[in-house]
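Read through the structure below, which is laid out as structure tokens, and then see the notes.
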Amino acid sequence: MKNTHRFSPVTLAIALSMALTATANAGDVTNFSALSQTEFLAVSKDLVAVTSTKSIEPAAPLGLTGFDVSASTSVTKIQDGAAWAKVSGDSTSNLMQTKVAISKGLSSGLDVGGFVSKVPNSNVSALGVHVKYALLEGNAITPAVAVRASYSRLGGVSGMTLSNTGVDVLVSKGLVGFTPYAGVGSVISSAQATGKSDESFTQSKSFVGVSWNVAILNLSAEVDRTGKHTSASIKAGVRF
């Protein structure tokens with residue numbers, strides 16, 4: 001019973017994700033021949049906004065014995081609905097993603113982590129890893145400052161490969177019961193698809209969020225801006 005209570009935030013996030021995505025209409029990404037090169041680039045940027053790493057966490061390190069295990073849901077507004085309709089056969093203005101993630105604290109201010117994710121009702125999935133290093137670990141007076149490097153890769157889409165490498169700087173300040181945070185960075189992406197010329201591009205990234213902790217239970221929310229795409233995320237889990 002004790003373990004069930006500890007993981008109830010994860011269960012809550014999964015249940016909320018299922019409720020939000022039950023009517024999502026993303027469609028399978030398959031029909032690349034219907035796209036012009038410009039439309040392929042637009043779809044690639046939509047997918048980058050969905051599949052690139054969103055760790056949804058503050059800058060402070062977890063510490064040698066620390067873990068963060070969570071489930072989350074993100075909603076991303078796409079930029080080219082007409083191109084998405086051509087490649088997937090479905091019209092939508094938002095893509096929803098469900099994700100399970102884990103981070104582990106190491107020594108000397110290092111954290112490592114990874115995630116697996118899925119866009120419901122589509123063939124789009126992703127997996128990724130990240131490494132975060134705390135330049136300042138933060139205390140009651142000073143904020144925490146960290147740099148983070150990440151890598152993610154699109155999965156499930158036959159005929160297309162997409163990879164994202166991210167670098168960002170984030171700052172957070174623990175207050176009583178919650179921790180606001182913000183960061184900026186870049187995402188470097190490479191996209192290839194059958195019948196299309198390869199695309200490589202870099203987009204700026206910025207984000208703000210807040211993390212709440214009650215004992216080991218954690219709830220977080222974040223708004224991310226990658227290129228021209230805005231994503232909103234909620235996360236629940238255990239963090240200690």
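For the side chain to side chain contact (heavy atoms under 4.5 Å, CB included) test with Leu154, the passing option among Val124, Val29, Val48 is Val124; the others fail.
Between Met96 and Thr98, every side-chain heavy-atom pair lies at or beyond the 4.5 Å cut-off. The shortest side-chain heavy-atom distance between Arg239 and Pro58 falls under the 4.5 Å cut-off. With contacts defined as side-chain heavy-atom distances shorter than 4.5 Å, the pair Thr53/Asn164 does not qualify. At a threshold of 4.5 Å between non-hydrogen side-chain atoms, the residues Lys104 and Leu62 do not count as touching. Looking at heavy atoms from C-beta onward, Tyr181 lies in side-chain contact with Ile56 at the 4.5 angstrom threshold. At least one side-chain heavy atom of Lys235 sits less than 4.5 Å from a side-chain heavy atom of Glu57. Taking 4.5 Å as the limit, every side-chain heavy atom of Thr142 sits out of range of all side-chain heavy atoms of Leu136. At least one side-chain heavy atom of Ile102 sits less than 4.5 Å from a side-chain heavy atom of Phe67.
The minimum heavy-atom distance linking Ser152 with Thr51 is given by the pair OG-O, 3.1 Å. His130 and Ser150 get closest at one heavy-atom pair: CB-CB, 3.9 Å. The nearest pair of heavy atoms linking Thr202 to Ser186 is CG2-CB, 4.2 Å. Ser44 approaches Leu162 most closely through the heavy-atom pair O-CD2, 4.2 Å. Heavy-atom minimum distance, Ala59 versus Ala144: CB-O, 3.6 Å.
Side-chain contact annotation: Gln192 with Thr161, donor-acceptor N/O pair under 3.5 Å present. Side-chain atoms of Asn31 and Ser33 include a donor-acceptor pair closer than 3.5 Å. The closest side-chain donor-acceptor pair between Ser163 and Arg153, if any, does not fall under 3.5 angstrom. No side-chain donor from either of Asp198 and Ser190 sits under 3.5 Å from a side-chain acceptor of the other.
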Intermediate values then yes/no, side chain to side chain contact (heavy atoms under 4.5 Å, CB included), Asp224 and Lys205: CA-CA 7 Å; Asp224 172 285; Lys205 178 185 180 71; 2.4 Å; yes
Working for side chain to side chain contact (heavy atoms under 4.5 Å, CB included), residues Val131 and Leu110: CA-CA 7 Å; Val131 178; Leu110 280 172; 4.1 Å; yes
Derivation of the side chain to side chain contact (heavy atoms under 4.5 Å, CB included) call for Glu199 and Gln37: CA-CA 9 Å; Glu199 296 283 359; Gln37 189 65 33; 2.7 Å; yes
Worked verdict on Ser72 versus Phe115 for side chain to side chain contact (heavy atoms under 4.5 Å, CB included): CA-CA 10 Å; Ser72 63; Phe115 75 87; over 6 Å; no
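A cation-pi arrangement is absent between Lys54 and Phe207, since the terminal nitrogen or guanidinium carbon is not both under 6.0 Å from the aromatic centre and inside a 45° cone about the axis.
Relative orientation of the Phe40 and Phe32 rings is perpendicular, given thresholds of 30° and 60° on the angle between their planes.
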